[in-house]
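These notes concern the structure reproduced below.
In the text below, chain A, chain B and the rest are named by the order of the sequence lines, each starting its count at 1. As the structure is a computational prediction, the values presented were derived from the model and not from experiment.
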Amino acid sequence: MFLKVKNLKKSYGSAAVLKGVDLEAQSGSVLAFLGANGAGKSTLLGCICGAQDADTGDILIGEKSLRGLMPREVQDHGVAMIYQHSQAFEDLSVTENIFLGREIKIGQRINHSAQKKIALELLTRLGVDNIDPSVDLKKLGVGERKIVEIARALMLKPKFLILDEPTASLSDKEAKALHKVIQQAVTNECIGVIYVTHFLDEIHKVANKVTILRDGKILWTQPVEDVSIEDLSDAISPNNDLTSFKSGKNTRDHSNRLVINDLKTSFVGPINFSLTPGEILGIYGLMGSGRTELLECLAGASTKKEGTQSLNGKEKNYSSPRSALSDGIALVASDRKEQSLFSSFTAVENLVIPHLGQTVFSGFFRSFEKEKHSFEKVAKLLNIQPPDPNLQGQRFSGGNAQKIMVGRWLIDDSGLQVLLLDEPTQGVDIGARFELYQALVTLKQSGVSIIVASSDATEVCQLSDKVLILGRGQQVALIDNPHSEEHLIKLAHKAEHNTQNCDAGLENAELKAGVMQ
Amino acid sequence: MISDTSEQKKMFNLGLKQTSNWSDIAITAALPVAIALLALFFFINVPVFMTINNWIAISVQVSTIMTIAIPFALLLMAGKIDLSVGSNLALCGVVAGLGFSDLGIFSAIILTLIVGTGVGVLNGLLVSRFDMSPIIITLGTLTLIRGVAQWLAPHPIFGFPEDFLIIGYERILGLPILTWIMLAVIAMGAAVMAFLPIGAQIIALGVNQRAAFLIGLRVKGIGILLYAATGFFVAIAALMSVSRINSAPAGTLGVGIELSVLTAVLLGGVPFNGGKGSLFRVVLGVWLLGMLSNGLILMNVPTELSLMITGLVLIVAACLDRLRTK
Amino acid sequence: MISDTSEQKKMFNLGLKQTSNWSDIAITAALPVAIALLALFFFINVPVFMTINNWIAISVQVSTIMTIAIPFALLLMAGKIDLSVGSNLALCGVVAGLGFSDLGIFSAIILTLIVGTGVGVLNGLLVSRFDMSPIIITLGTLTLIRGVAQWLAPHPIFGFPEDFLIIGYERILGLPILTWIMLAVIAMGAAVMAFLPIGAQIIALGVNQRAAFLIGLRVKGIGILLYAATGFFVAIAALMSVSRINSAPAGTLGVGIELSVLTAVLLGGVPFNGGKGSLFRVVLGVWLLGMLSNGLILMNVPTELSLMITGLVLIVAACLDRLRTK
Amino acid sequence: TDIAEVTIDKIRATASDSCHSGRQYRIAYSHSVSEVAIVKQVRRFADLRAKSLGCVKVLHDNTQSNNLEQQINAIQGWITLGVDAIVVLPIEPTALQPLKRRAQAKGIKWLTYLGQMEGSDGFVGFNHAQSGQIVAQAAVDWVKKNRISHPKALVTSLTPLPSLSPRWTEVVRIFEKNNIKIVTLQDAADQTTGLRVAETVLQQHPDLDIIIGMTDDAAVGALRALKLTRTNPSKVFIGGQDGSLEGLSAVKKGGAYRASAAILINELGANIVDLALNAIRGKKPSFAYTPTVLASKYDQDLLQQLLNNYSR
Ligand SMILES: Nc1ncnc2c1ncn2[C@@H]1O[C@H](COP(=O)(O)OP(=O)(O)OP(=O)(O)O)[C@@H](O)[C@H]1O
Ligand SMILES: Nc1ncnc2c1ncn2[C@@H]1O[C@H](COP(=O)(O)OP(=O)(O)OP(=O)(O)O)[C@@H](O)[C@H]1O
Ligand SMILES: [Mg+2]
Ligand SMILES: [Mg+2]
């Protein structure tokens with residue numbers, strides 16, 4: 001069976017996004033669907049699934065047209081979709097999220113036990129065994145939520161499964177499990193898959209065919225054996241010289257900018273490290289290892305329980321991000337949609353909002369000229385597409401929105417000392433990724449200390465001067481000059497097991513302490 | 001406002017961390033404890049407050065509001081609201097009153113239920129069709145329907161058939177029929193939320209309507225259904241109310257009841273933007289307000305003082321309840 | 001509820017596609033067009049409606065509501081709300097009234113402004129401190145403050161110094177002082193939103209409070225400031241109102257004004273959850289309601305009918321305005 | 001002449017030739033709670049009188065729930081329209097003084113309805129104090145007749161409207177003079193609230209002897225409370241004020257509802273028109289009380305007459 005897109009066109013206002021796209025996914029095979037940020041991938045998939053309505057063209061599954069159907073009807077035709085942005089419900093339990101609208105019923109009533117059983121099976125299949133299906137989704141991290149969404153899609157037993165950047169927020173372990181699940185479903189149940197990703201090394205592991213979308217048109221489609229990663233990256237962003245990237249260590253200043261001593265939060269710690277100006281610290285760990293919590297604590301967004309944090313030799317206790325910012329510590333949060341983007345703000349407003357009334361734009365009245373100028377500079381630096389200062393934040397493609405989020409702290413004279421980045425390249429395409437890296441290196445060379453938390457080991461290796469590895473909230477290792485990503489992954493995995501034992505040991509220790517008292 | 005509550009928590013619970021298990025329990029029980037303390041206070045001042053008969057009287061007094069509050073709470077959990085309940089109550093009362101003399105009891109009751117549900121469906125269609133803020137639409141119907149009710153009843157309507165009035169004063173197994181109806185409505189609501197698929201779907205709608213649409217829920221259908229249900233139960237409440245006062249004053253019946261219901265439901269911990277909530281706490285919220293009004297009358301507290309006390313109790317109870325969710 | 005409007009479009013605008021530029025323009029101008037049509041209608045039926053004097057009278061009639069609606073709109077844009085404005089108006093009126101005899105005009109005015117702002121700060125602190133739903137807290141203060149006002153003024157307060165009453169009836173350059181004050185408040189609000197950093201920050205709060213917090217905006221500070229500003233302008237409105245009616249009835253002054261203001265502001269296109277909105281449209285919203293009430297009286301429309309018409313106009317105007325944002 | 005001595009006949013006679021000059025008149029009438037049933041009846045009778053005269057049109061407003069802002073706006077509209085007279089039940093008499101001045105400056109006659117106002121051109125209405133006194137006295141008589149020792153009473157009020165206060169303060173005064181103990185004084189003006197208050201108070205005082213409503217609606221609600229709490233109606237005196245159809249019907253039915261201080265609603269409606277016309281034409285009288293009478297089962301003729309006023 002085929003899922004066919006025929007000559008699909010879609011424009012937003014005057015901007016044509018899809019200019020006549022033909023796409024064909026086949027049962028029993030995985031189609032990797034690639035393209036630069038803003039190429040129109042999500043738009044196309046949205047049109048298939050009923051989230052958007054195309055202008056012209058047709059979408060066929062077998063003989064039936066999917067044009068103009070509601071998402072529910074598309075599902076009924078056997079097409080399941082994992083959206084780029086989370087479509088999960090935090091005040092419902094994991095099981096409820098999985099079965100929402102497709103409940104297993106006895107008569108009119110929900111069959112809770114049957115649902116729970118199937119939910120557990122699905123999660124285990126996805127390589128996750130530590131999620132309690134009856135717990136509320138809000139208790140889970142970003143990555144774990146993604147897993148739940150995937151479980152839901154599998155529950156639907158679709159004929160075609162569409163995944164829009166499913167691994168963007170997953171760590172290597174879950175990504176592997178997902179690949180396995182996809183492989184199984186393709187071979188055993190003969191489903192067809194459309195797979196969007198910006199991690200090019202995934203392609204050869206999962207896909208059978210590759211299609212490249214560029215400028216709203218299909219560039220080419222080829223079997224995966226015939227193309228190399230270089231071919232792919234050339235096709236996606238042709239003008240980038242990716243090999244030239246070099247982090248380069250800053251050797252000028254060896255004073256300690258940021259020193260962390262035995263820092264503990266409710267989940268993370270104790271943590272110890274120090275950073276000099278112009279140094280980049282990578283934080284690597286598996287899903288739920290506490291990277292986000294650590295960064296939020298450093299930025300004053302969540303409370304510190306024990307330990308000290310000092311900046312330029314002075315001990316600091318931040319009660320809010322504002323107080324951290326006044327010392328030049330800024331955070332780029334990982335969950336773009338929920339935590340950093342102002343969806344209805346224009347690009348330029350989104351960029352300058354943290355600085356309004358502050359150092360850079362300190363005037364009593366706003367200076368719109370200056371704001372626009374700043375945007376143009378950043379847009380050029382990061383190649384934000386489209387470079388339209390007045391386009392609303394929510395209208396940018398995921399990757400380009402992310403560039404704006406990072407761009408906030410690239411504005412000159414913002415007095416930045418430490419920049420904390422949580423998954424900075426989530427959803428950013430291969431070309432733009434290097435532009436971002438480049439920008440970070442420039443920043444680093446200007447003497448800013450940077451901490452990058454990421455689930456992409458390659459990224460951590462390329463960027464960092466040293467790497468902190470987290471496992472279940474514990475600091476497992478602090479490595480200087482990392483070069484092997486396999487090493488990081490291995491450490492992180494081992495940490496996961498070791499600390500489990502550690503936990504047990506800790507409990508024993510506490511017990512003993514209790515007895516002694 | 002913001003829907004992202006889990007994140008907010010992190011944001012604001014600076015210094016409000018629950019440290020021991022004891023305070024945990026105290027805080028979890030905030031609303032029940034508030035009710036108990038208030039009851040104790042009234043009991044000390046007016047011992048008659050604690051009699052079974054008085055509690056039965058309170059149950060009858062809150063029965064109308066409770067009957068509306070249950071579907072209203074579901075609506076709020078789904079991120080919608082119906083401010084027109086007070087006017088709809090008046091309209092249903094008037095329709096019932098006019099119907100009794102012309103149609104007989106049974107047909108009049110059916111007609112009333114149809115009219116109430118119809119107003120609900122109207123609200124639902126307007127809100128869903130134009131994807132308007134439910135507030136502005138139902139503020140509109142609040143005014144519109146009140147006008148219709150007054151237009152239908154240029155003359156006072158009172159004096160209904162005794163067979164109907166029975167509902168208002170008869171007791172079964174020692175409890176007033178009105179109390180039984182209220183209990184049935186509560187049980188029904190609780191069962192829907194606990195056992196039926198639509199329970200979780202309502203919450204999903206409140207958390208993120210767009211996501212609910214994308215994953216294939218019948219967003220519009222559920223919305224209209226909830227509005228219709230609210231209208232239906234408002235009609236029931238109207239019948240209860242009218243059978244109790246034996247009169248259907250189009251101009252004053254149900255005036256301001258939307259605010260009482262909203263207050264009770266919010267006090268019961270349903271956030272205004274929906275996405276969560278427990279009917280158990282809503283019931284407590286309604287009860288707290290009913291008890292407060294009863295106790296203040298028993299103590300013969302002057303108007304201005306009882307306004308101040310009510311306001312304070314609202315604020316304190318809400319704050320206590322907030323601590324719970326921290 | 002939902003914030004993602006661009007995506008919603010597909011969901012709801014089936015059949016409402018904008019096809020030509022003409023309909024585009026018509027739809028953009030929905031609220032102004034509604035106002036123009038309504039004015040024309042009234043003019044045809046009661047020619048005196050279109051006289052300058054009547055429009056000046058309308059401007060005076062809406063001046064109090066407008067003065068409250070401007071800061072109220074900013075509050076709503078930031079995702080907050082203040083339902084206690086009506087009670088605060090009464091309290092400020094009472095304080096001013098009592099103050100005139102004891103303190104003299106100037107001190108009484110200052111005291112009134114302090115009290116009004118104080119109530120605002122109280123609301124702001126409660127809302128921010130407990131991160132409570134602003135609705136339930138200000139429903140609480142709505143009741144509480146009304147009680148305080150009535151308690152302060154057990155007897156009617158009236159008969160104020162002529163030097164003060166001037167505000168209520170004198171004209172400058174042909175326009176009543178009250179109208180001038182209103183225009184000044186509008187200008188002030190517009191300037192804040194257009195030119196000051198806090199304008200964007202207010203909206204940011206409404207769009208995504210968590211993000212606003214993380215990028216270092218003074219989330220609590222801005223909240224408290226907005227509540228304080230609302231309280232301050234309520235005090236101004238109270239002075240305007242009291243100077244107009246030469247009396248400060250604690251029990252009835254400002255009753256229900258929170259709903260009028262809310263309706264007008266929502267009609268002006270500020271979504272209940274904040275995150276956007278234009279003061280220009282808010283002004284139109286207030287004006288539409290003021291004009292409607294004036295025209296209905298001039299046409300001598302019976303109560304029931306004018307309720308129905310008001311409800312309908314609300315719904316239609318809201319729907320029209322919604323088309324604009326599609 | 002003393003205003004209390006003006007007779008209805010005199011008013012009717014003076015106004016009856018108003019239409020002979022061929023002039024048309026517009027009289028605007030604002031009540032503070034136009035949603036209440038009895039107000040609709042007053043309006044109806046005003047309209048009827050205007051119709052029978054032939055040259056008068058009565059304008060009504062839409063002020064509801066004592067919304068002061070609404071009332072002020074309505075009156076301002078009428079001043080703009082340039083009606084001939086404005087008859088108003090002031091929600092807050094002092095609050096309308098500035099409007100009164102403006103209206104009079106424009107040559108519009110200003111009459112108040114219920115509650116006198118300084119400097120007005122006329123007065124239509126009845127005396128709240130008289131209303132309170134009549135119903136309180138009826139209760140006192142009942143207590144004496146039944147030789148009830150230590151009588152207990154519930155009285156309802158409406159504190160946000162101090163201008164109506166004689167309706168309950170007079171009752172309180174007379175009860176205190178006659179050693180009737182007021183156990184509860186709470187706000188209630190409509191059926192639902194009247195029921196709730198009475199029902200609650202009966203929990204505490206099952207031996208309650210007297211309930212006086214500040215309106216008939218509140219008293220009717222209280223009557224219902226007797227039924228619901230199974231209180232013996234023969235041992236209770238319920239009295240209301242206004243003479244609404246519902247209240248009068250309850251009086252007629254007998255039982256606990258024994259009195260209503262009833263306004264002659266048809267005369268009141270007609271007086272709105274006639275007194276305004278007199279004021280416009282510079283005739284006297286333009287100040288008059290519409291009598292309040294005691295409706296009770298002891299005067300069946302009067303009761304029937306009052307009830308007949310409502311027949312359509
Ligand atoms: N609602 C909208 N209004 C206007 N333009 C939009 C809207 N949504 C998307 N676009 C534009 O359409 C283009 C395609 O966006 P889309 O999200 O499909 O890209 P994508 O290929 O998925 O990119 P990414 O890899 O970054 O997710 C972008 O240029 C974006 O700015
Ligand atoms: N609000 C919360 N309530 C309870 N547990 C939480 C909360 N937020 C996070 N956690 C838990 O704390 C741990 C650390 O989460 P954190 O988000 O910091 O990890 P992470 O390394 O950033 O992982 P991710 O890949 O999910 O971003 C996880 O186990 C997570 O489930
Ligand atoms: Mg995308
Ligand atoms: Mg994270």
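Interface remark: Ile79(D) contributes no atoms to any contact with chain C (heavy atom separation under 4.5 Å). With a 4.5 Å cut-off on non-hydrogen atoms, Val83(D) does not touch chain C at all. Using a 4.5 Å cut-off between heavy atoms, Pro249(C) touches chain D through backbone and side chain atoms alike. With a threshold of 4.5 angstrom between heavy atoms, Asp61(D) approaches chain C through N, CA, C or O but not through any side-chain atom. Of the two parts of Arg244(C), the backbone and the side chain both hold a non-hydrogen atom closer than 4.5 Å to a non-hydrogen atom of chain D. Neither the backbone nor the side chain of Ile58(C) has a heavy atom closer than 4.5 Å to any heavy atom of chain D. With a 4.5 angstrom heavy-atom cutoff, Arg102(D) does not touch chain C via any of its atoms. Using a 4.5 Å cut-off between heavy atoms, Ser260(C) makes no contact with chain D at all. Proximity to chain D is absent for every atom of Asn53(C), based on heavy atoms less than 4.5 angstrom apart. Using a 4.5 Å cut-off between heavy atoms, Gln61(C) contacts chain D through both its backbone and its side chain. With a threshold of 4.5 angstrom between heavy atoms, Ser34(D) approaches chain C through side-chain atoms but not through N, CA, C or O.
To the nearest 0.5 Å, atom SG of residue Cys92(C) and atom CD1 of residue Ile109(C) are 12.5 Å apart.
The choice from Leu296(C), Leu298(C), Thr252(C) that makes the most heavy-atom pairs within less than 4.5 Å of chain D is Leu298(C). Put simply, of Gly251(C), Gly159(C), Ala57(C), Ser247(C), the one with the most heavy-atom pairs under 4.5 Å next to chain D is Ser247(C). With chain C as partner, the option from His60(D), Gln76(D), Arg43(D) having the largest number of non-hydrogen pairs under 4.5 angstrom is Gln76(D). Considering only heavy-atom pairs separated by less than 4.5 Å from chain C, the leading option among Ile72(D), Leu158(D), Asn67(D) is Ile72(D). The most heavy-atom pairs under 4.5 Å with chain D, out of Asn54(C), Val242(C), Thr64(C), Ile65(C), come from Asn54(C).
Judged purely by distance below 3.5 Å, without hydrogens or angles, the side chains of Ser30(D) and Gln71(D) pair a donor atom with an acceptor atom. When only modelled atom types and interatomic distance are considered, Thr215(D) and Asp242(D) share no side-chain donor-acceptor pair under 3.5 Å. With no hydrogens or angles considered, no side-chain donor-acceptor pair links Gln241(D) and Asp216(D) at under 3.5 Å. Checking Asp82(C) against Thr138(C) by side-chain atom types alone, no donor-acceptor pair falls below 3.5 Å. For Gln104(D) and Arg101(D), the side-chain atoms include no donor-acceptor pair closer than 3.5 Å.
Ring geometry, Phe123(D) versus Tyr289(D): the interplanar angle exceeds 60°, so the pair is classed perpendicular (tilted spans 30 to 60°).
You'll find the ring centres of Phe49(C) and Phe43(C) outside the 6.0 Å limit.
Using modelled atom types, no side-chain atom of Ser131(D) and backbone atom of Asn127(D) make a donor-acceptor pair closer than 3.5 Å.
Between Asp274(D) and Arg49(D) a salt bridge is recorded (basic side-chain N to carboxylate O distance below 4.0 Å).
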